[in-house]
Amino acid sequence: MCGIVAYMGYRQVVPILMEGLHKLEYRGYDSAGCAFLSEDRQLKVFKARGKVANLERLLAEQNVCSTLGMAHTRWATHGGPSELNAHPHLSQSGHIALVHNGIIENYATLRSQLEKRGYTFRSETDTEVLVQLIEYVMSVRKDDLATSVRMALKLCIGAYAIAAIDDRHPQQLVAARKASPLAIGIGENNEEFFLASDASPIAGYTKKIVYLEDEEVAVLERGKKVRIENLHTGVVDYEVKEVDLDLSMLDKGGFPHFMLKEIFDQPAVLRDCMRGRLLEKDGRHRVVLSAVEQYREQLANAKRFTIVSCGTSWHAGLIGKQLIEHFCRIHTEVAYASEFRYSDTVIEPGEVVVAISQSGETADTLAAVEMAKAKGAFIFGIVNSVGSSIARQTDTGTYIHIGPEIGVASTKAFTGQITVLTLLALALGKTRGTVDEEEYEEVLAELDRIPDKIKKVLQQNDKIKALAQIFTYARNFLYLGRGWNYPVALEGALKLKEISYIHAEGYPAAEMKHGPIALVDQEMPVVFIATHHQLYQKIISNMQEVISRKGRIFAVVTEGDEQVKNLAVEVIEVPATLACLAPLLTVVPLQLLSYHVAVAKRLNVDQPRNLAKSVTVE
Ligand code: M6R
């Protein structure tokens, strides 16, 4: 969580930092701050509570002239969202400034040790402890900033991505990472350097990027090659990657919010996701996934699959389980990464663990991958962010290629993940001989038509918007689905609660009678996902149970449905499709519904309270 951006070079730093912070604001937005080294080598710090725009307003009143600086947008962990707790934090002498993303777990012990040595603290943060520790180490050992950072970090337990500057070493910008991402952009002839939590603030300036690895400290000095040292083993070789980001994906493209743009992006980005993987020749389709070709042995002979992920990616995992079991006949489990990482679960060599993550930086998923790897599992990643930590930790995998997702509520990543899971299950099923030839062709041909069918769902945006107006009063929602649509019910409920702050529960429809039905009354909207598939008649019975308790039903149904229309207050139709692909269509109206409810309530859709896009703390 938290976003870091820093620059050292020959350009004026303020516009670079502010533009960068805006791109990283999805990572946290409760306060923002920056530190600059002025031309007369004075360290200047500015902070503002709330959004980056507040900091920007503050800076507009100053006359900052600097070519070295760093900035931070915060998602509070230690200490509430106040100006005092905002980063950067200064050391006691005021010479060193530090920005930090992550958590120093042993900060309380370190703080009391520093207090005994005369250090005082202004904030409640673990970050201030780290900057004081760096200063203390420097005062004892008389080393430069980079060495002092390295020595201090050796004493820290936890996760960090940091940037530090010291007004006594004005030629140095020091960065380090462990379990929190940090990218370094390298300008022409090493005359300028950029640092950021992801590549988006850097991509407009240079394509040459180095991703720091865990426990590495980088020293950036104008005109010199980047030096990277591992905390324990010393100087390391590193790879400079050429990163080509589609920058047009980073703006709203005329939509009022990123979330709406990303919902509407789905037809196009799912085509990107399938490009070169779903192939058609003479009316016959086939899947080619290089990861499956290359690791046929490990994947096709797997004893068991376990999918690990969080939030929306976990919901995609529930659909993945059904796909893999149906097409590959391999027993598959789905675990919350946060539970899996600390569990005593049995994972053995010969098993496959699939990590699903949009950001590729989710701390729990990353730790689950590391744990499974240590137990000998083969790790397959389904990730969006190219070069992210999870992508780099896996043995192989398939990127979903849906472009950057900025809205905190995940939308296009969910459909991208299901698309890749479908391709994976079919590719593997074909290899194992467990998928019926006719069904293989039928599913792939239909998958090819899904983007156009999503376009048809999107045409109902106005209708869903009107429907949303009547939902703003509701305090509780129930979302019910069965079979392939059960994870969609969970996802619909998650979308609503995270951006509209209305409590919502997703449930398997038949399970409702074992408890949640007690909540149903005329006040409670109940959203059913009831497409024309194998459990259709069963779900109609579940609707009758709700109607008997005066519940108000809203339903997502297959085009032309008449039965549900007679039971529900309102229906949204989606084109007919195969049961296993239904989630790709049925989730779209639910994404739009939560979006419009949140807009009607005048809430901040792209940056809902208390959340951040990339959850890099556990
Ligand atoms: O980046 P990841 O896919 O690993 O993120 C997992 C969850 O944090 C994420 O899906 C979260 O639940 C979203 N805010 C849901 O919209």
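Order of listing sets the numbers, starting from 1, for every ligand and every atom in it.
- Which parts of ligand 1 touch T312 is read off a 4.0 Å heavy-atom cut-off, strictly below it: atoms 10 (O), 12 (O), 15 (C), 16 (O).
- In the vicinity of S357, heavy-atom distances shorter than 4.0 Å reach the ligand 1 atoms 1 (O), 2 (P), 3 (O), 4 (O).
- The closest protein non-hydrogen atom to atom 6 (C) of ligand 1 is C310 O, 3.3 Å.
- The side chain of E498, and not its backbone, has at least one atom closer than 4.0 Å to an atom of ligand 1 (non-hydrogen atoms only; side chain from C-beta on).
- One finds a salt bridge joining R392 and E213 here, because a Lys/Arg side-chain nitrogen approaches an Asp/Glu carboxylate oxygen to under 4.0 Å.
- Residue A409 has at least one heavy-atom neighbour below 4.0 Å for each of these atoms of ligand 1: 16 (O).
- Between K207 and E242 there is no salt bridge, since no side-chain N of the basic residue sits under 4.0 Å from a carboxylate O of the acidic one.
- By the 30° and 60° cut-offs, the orientation of the rings of H87 relative to H72 is parallel.
- Look at K178 and D214 and you find no salt bridge, because none of the NZ, NE, NH1 or NH2 atoms lies under 4.0 Å from a carboxylate O.
- Between the side chain of K375 and the backbone N or O of I347 there is no donor-acceptor pair closer than 3.5 Å.
- Side chains of T531 and N485: a donor-acceptor N/O pair is present below 3.5 angstrom, by distance only.
- Ranking the protein heavy atoms by distance from atom 8 (O) of ligand 1 puts V615 CG2, 3.9 Å first.
- The shortest N/O to N/O separation between V408 and ligand 1 falls below 3.5 Å.
- In this structure, H401 and Y399 have tilted ring planes: the angle between them lies in the 30° to 60° band.
- The protein non-hydrogen atom at the shortest distance from atom 4 (O) of ligand 1 is T362 OG1, 2.4 Å.
- Numbered from 1 in the order shown, with element, the atoms of ligand 1 that lie under 4.0 Å from a heavy atom of S313 read 2 (P), 3 (O), 10 (O).
- Considering backbone and side-chain atoms alike, K495 places an N or O below 3.5 Å from some N or O of ligand 1.
- Side-chain contact of S385 with E361: a donor-acceptor pair under 3.5 Å is absent, judged by distance alone.
- Taking only non-hydrogen atoms, the option from A413, A355, S359 nearest to atom 1 (O) of ligand 1 is S359.
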